[in-house]
2 protein chains.
Amino acid sequence: MEKADIAEAGIAYRLEDQVGFLLRLASQRHAAIFQKHAVEGLTPTQFSTLLRISEVGQVSQNQLGRLAAMDVATIKGVVDRLKDKGLVASKSDASDKRRSIILLTPAGTALIADLKRSGAVITHETLAPLTRAEQRSLVALLRKIT
Amino acid sequence: MEKADIAEAGIAYRLEDQVGFLLRLASQRHAAIFQKHAVEGLTPTQFSTLLRISEVGQVSQNQLGRLAAMDVATIKGVVDRLKDKGLVASKSDASDKRRSIILLTPAGTALIADLKRSGAVITHETLAPLTRAEQRSLVALLRKIT
DNA sequence: ATGCGATTGTTTGCACGCAAACGATAAGAG
DNA sequence: CTCTTATCGTTTGCGTGCAAACAATCGCAT
């Protein structure tokens, strides 16, 4: 009978219970916190991109996009804006004319330590409503659905 | 000594451990799943907007934006596109000339049941890597950081 | 050697998402 | 009644985010 009720009255579907909606809300809050603490006015994607380059030293643009979880079209725009800010540079790969190698400029390199510091603050503030155990749990769960 | 090591070697900061990065990844996967099951090519925001209207019947555009967690500029675009698709309509509020009231068209109303069904499928598939308990846990944690 | 499929990067088009500035209207204080 | 403040909707500008189509180059199989 309950099943029939649900079918007739319409499925009990509450937006605020759906992961997709909650993910959007959580991302919004995180973005706001990020912006508050952002170094040099960097966006979250620009931030991730810089960190990835610093991890690997040199990368082709497409490979960088994969490392930072960005579309080819998206990573291009991000890299272009980082170039405009003078934080990254590119050179052509001698052994593969298709590739353009992306690397940090001295200014970009000088920023990395700061970025990590503010990144830690941002993560901390985003997770502030949770206990330590909950924080670990959330991270683990998010990782699982990725 | 460990603290000093960390300070000297640079803070141990792994992108894949940061909530912000994980939220982006999870959102990406959810978006892909959403698109696969999307009714009428609706986007997640359009979907949420339609559901909110169906919950309240009639709303001013700004109020609708608040209900669906969207910026004034964003909700305008979403509503415009839903109008183009013939799913919502607007009329002016007699008692307040600033307001424009948004409501579902018959076509929009006819879609709601379908939307809820596919919404349930999308949520289910997004959470598939988790056990029931983990799913409840994730939703609860996301709600807390919102 | 060539020729075909895969990869690299670019461009276009559409859809959020937010800040900031704007004109119109409403509502409350004096 | 009028002045100030708040709210409503619009527009612009910038930054993701993804699909699709494209030219250039690579690399491998034949």
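Just so it is clear, the structure is predicted and the values come from calculations on it, not from any experiment. Chain letters run A, B, ... following the sequence lines, proteins first and then strands; every chain starts at 1. Below, all heavy atoms of this structure are taken into account, side chains as well, without hydrogens, waters or symmetry copies.
- Residues Gln63(B) and Arg66(B) have side chains that bring a donor and an acceptor to within less than 3.5 angstrom of each other.
- Regarding Glu40(A), its CD atom lies at a distance of 14 Å from the P atom of dG15(D), rounded to whole Å.
- Rounding to whole angstrom units, CG of residue Leu25(B) and P of dC18(D) are separated by 10 Å.
- Counting to the nearest Å, the C1' atom of dC18(C) and the CG atom of Asn62(B) are 14 Å from each other.
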If you restrict it to nitrogen or oxygen atoms, what contacts under 3.5 Å exist between nucleotides 23-25 of chain D and the protein, and what is each distance?
from, atom 1, to, atom 2, distance (Å)
dT25(D), O2, Arg98(A), NH1, 3.4

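- Between the CD1 atom of Ile101(B) and the P atom of dC8(D) there is a distance of 11 Å, rounded to whole Å.
- For Thr43(B), taking side-chain heavy atoms from C-beta onward, the closest of the listed nucleotides dC16(C), dA19(D), dC18(C) is dC16(C).
- As a whole-Å value, the separation of Gln35(B) CD from dC16(C) P is 12 Å.
- Glu16(B) and Arg143(A) are not joined by a salt bridge, as no carboxylate oxygen comes within less than 4.0 angstrom of a charged side-chain nitrogen.
- Listed candidates were dC16(C), dC18(D), dA19(C). Nearest to the side chain of Asp71(A) is dC18(D).
- The closest side-chain heavy-atom distance from Thr123(B) to Asp17(A) is not below 4.5 Å.
- A salt bridge links Asp80(B) with Lys76(B); the closest basic N to acidic carboxylate O contact falls under 4.0 Å.
- An OP1 or OP2 oxygen of dT7(C) is reached within less than 4.0 angstrom by no side-chain nitrogen or oxygen of Arg66(A).
- Between the side chains of Ser60(A) and Asn62(A), not a single donor N or O lies within less than 3.5 Å of an accepting N or O.
- Annotation: of the two residues near DNA chain C, Gly77(B) and Ala73(B), the 5′-most nearest-nucleotide partner is Gly77(B).
- Of the candidates dC8(D), dA15(C), dG15(D), the closest approach to any side-chain atom of Arg99(B) belongs to dC8(D).
- Each of Ala94(A) and Val72(A) lies near DNA chain D, and the nucleotide nearest Val72(A) is the one positioned closer to the 5' end.
- Distances shorter than 4.0 Å separate none of the side-chain N or O atoms of Gln28(A) from OP1 or OP2 on dC16(C).
- Rounded to an integer number of Å, the gap from Arg29(B) CZ to dC18(D) P is 14 Å.
- Residues Lys85(B) and Ser60(A) both approach DNA chain C. Their nearest nucleotides, taken by heavy-atom distance, put Ser60(A) toward the 5′ side.
- Distances shorter than 4.0 Å separate none of the side-chain N or O atoms of Gln63(A) from OP1 or OP2 on dT7(C).
- Distances from the side chain of Thr74(B) to the nucleotides dG9(C), dG17(C), dC18(D) place dG17(C) closest.
- Taking only side-chain nitrogens and oxygens, Arg24(B) comes nearer than 4.0 Å to OP1 or OP2 of dG17(D).
- Rounded to whole angstrom, the span from the NE2 atom of His30(A) across to the C1' atom of dT16(D) amounts to 15 Å.
- Using a cut-off of 4.0 Å between Lys/Arg side-chain N and Asp/Glu carboxylate O, Glu134(A) and Lys144(B) are scored as salt-bridged.
- Distance CZ (Phe34(B)) to C1' (dG17(D)): 15 Å, rounded to an integer number of Å.
- Between the side chains of Ser90(B) and Lys83(B), at least one donor N or O lies within less than 3.5 Å of an accepting N or O.
- Classification of Arg81(B) and Asp84(B) as a salt-bridged pair fails, no side-chain N sitting under 4.0 Å from a carboxylate O.
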